[in-house]
Amino acid sequence: MSASPWERLETGATAWEDFAPIDQERIVRHYAPKIRFLALRLKAKLSRAAELGELISAGTLGLMEALGKFQPKLGIRFETYAENRIRGAMLDELRRLDWFPRSLRQRVRQLDGLMRNFEQQHGRAPTEEELQHASGLDLKDIRQGLEALQNQFCLPLDAIQETLPHESGIVSEGEPFQNAATQEMVSRVARLIDTLTPREKLVLSLYYSDELNMRETAEVMGITEGRVSQLHTQALCRLRRGFQQQYGISET
């Protein structure tokens with residue numbers, strides 16, 4: 001039985017440009033479900049304003065780029081290589097689209113400033129009700145602003161996490177500078193995470209590493225879902241401010 005086109009691609013028996021058009025189409029169709037899966041997973045972590053179709057379109061371009069640049073001799077599985085390219089393309093598209101409306105950005109900056117001042121004065125993060133009282137905004141607007149504030153930092157965190165190799169010993173093709181920059185970014189994040197409280201660390205670990213949702217995280221920690229959301233927002237805000245203060249990264 002002859003090998004499938006994607007198996008021949010994986011082993012290096014046939015280079016992408018040497019496949020017949022019909023086999024190239026078969027390969028793209030074979031990996032298409034992976035694009036949708038990654039798009040759905042990324043969308044779940046981001047603002048509802050992010051369009052699934054835009055993520056899938058960007059991911060498809062990432063797949064095509066991976067197909068053209070894949071080098072089996074490096075010892076990297078194509079699926080692993082392609083996942084990183086697909087995710088990277090989706091994240092680039094999200095940055096390009098810059099989906100936050102201007103009014104929402106203003107609200108995010110307002111809430112961020114209020115949270116900083118409140119923490120300095122009271123030594124803790126404010127509740128939604130306290131933010132509502134200080135800002136004069138509706139509770140719905142407060143929650144939307146807090147969600148956007150979370151997503152401002154979730155995107156860089158995902159960019160770091162999702163571009164890391166999933167298998168040991170993988171070295172990105174011809175990208176030593178990018179590898180060094182990525183490792184440096186990871187080291188910076190790790191140092192900043194060490195400054196968080198134990199409960200904040202646990203929330204981030206359960207949410208990002210173990211991929212539990214807010215309800216599941218609340219059950220594990222024995223607290224309310226609202227408290228989990230508050231700890232999550234608080235931790236991400238601390239990390240984002242830490243980046244800005246220590247490494248000069250400006251607000252988006």
Side-chain angles (χ1 to χ4, degrees), residues 37-48 50 83-84 87-88 90-91 94-95 100 108-109 111-116 118-120 122-128 130-131 142-166 168 181-252:
F37 169 78
L38 294 173
L40 286 168
R41 185 175 177 184
L42 181 57
K43 179 174 170 56
K45 295 181 179 180
L46 299 173
S47 168
R48 286 185 289 273
E83 280 190 18
N84 289 326
R87 290 189 184 100
M90 291 178 183
L91 291 167
L94 286 170
R95 294 188 189 94
F100 285 164
V108 165
R109 285 195 293 269
L111 291 175
D112 192 25
L114 288 172
M115 291 176 73
R116 292 190 199 193
F118 191 95
E119 282 192 20
Q120 290 174 355
H122 303 280
R124 63 174 178 85
T127 64
E128 291 179 349
E130 287 168 332
L131 284 174
I142 293 290
R143 289 173 177 168
Q144 186 183 37
L146 290 176
E147 180 184 19
L149 186 58
Q150 289 177 12
N151 291 336
Q152 265 194 349
F153 199 78
C154 284
L155 186 57
L157 283 178
D158 281 337
I160 293 167
Q161 180 188 51
E162 303 290 17
T163 53
L164 288 175
H166 295 286
S168 60
T182 298
Q183 291 305 318
E184 174 62 20
M185 185 65 74
V186 171
S187 297
R188 290 178 176 183
V189 171
R191 289 194 292 269
L192 288 169
I193 286 176
D194 284 340
T195 67
L196 301 178
T197 68
R199 287 165 73 83
E200 290 170 345
K201 291 179 185 177
L202 181 57
V203 166
L204 294 187
S205 176
L206 293 173
Y207 192 75
Y208 292 103
S209 298
D210 297 327
E211 297 186 352
L212 302 185
N213 58 33
M214 291 289 181
R215 179 182 56 78
E216 293 166 336
T217 300
E219 291 176 357
V220 169
M221 296 183 65
I223 57 180
T224 65
E225 191 171 341
R227 178 56 177 155
V228 168
S229 179
Q230 183 183 23
L231 287 168
H232 182 251
T233 301
Q234 184 174 306
L236 293 181
C237 288
R238 288 184 194 276
L239 289 175
R240 185 168 60 84
R241 287 201 294 271
F243 258 94
Q244 293 168 356
Q245 293 168 2
Q246 294 189 33
Y247 306 114
I249 296 178
S250 61
E251 297 186 40
T252 56

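The shown structure was predicted, so the numbers you read here are calculated from the model rather than taken from an experiment.
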Original post:
Hey, what do you get for CD (E225) to CD (Q230), rounding to the nearest 0.5 Å?
Top reply: 13.5 Å
**OP:** Go through the steps for L231 and M221 under the test side-chain contact (heavy atoms from CB on, under 4.5 Å), then give the verdict.
**Re:** CA-CA 12 Å; L231 287 168; M221 296 183 65; 4.3 Å; yes
Original post:
Does the side-chain contact (heavy atoms from CB on, under 4.5 Å) test come out yes or no for I223 and R199, once each step is laid out?
Top reply: CA-CA 11 Å; I223 57 180; R199 287 165 73 83; 3.3 Å; yes
Subject >> Rounded distance (nearest 0.5 Å) linking atom OG1 of T197 with atom CD of Q234 >> reply: 6.5 Å
Original post:
Can you name the residues that form a side chain to side chain contact (heavy atoms under 4.5 Å, CB included) with A235, not counting sequence neighbours?
Top reply: L196, E200, L204
Original post:
Out of curiosity, I142 CD1 to L114 CG, how far, rounded to the nearest 0.5 Å?
Top reply: 8.0 Å
Original post:
What are the two closest heavy atoms between M115 and P126, and how far apart are they?
Top reply: CG-CG, 3.9 Å
**OP:** Supply the atom-to-atom distance L38 CG to M90 CE, rounded to the nearest 0.5 angstrom.
**Re:** 5.5 Å
Original post:
Closest heavy-atom contact between K201 and I193?
Top reply: CE-O, 3.1 Å
Original post:
In Å, rounded to the nearest 0.5 Å, how long is the span from CZ of R143 to CG of L131?
Top reply: 11.5 Å
Subject >> Residues which pass salt bridge (charged side-chain N to carboxylate O under 4.0 Å, His left out) with E130, listed by chain and number, not counting sequence neighbours >> reply: R124
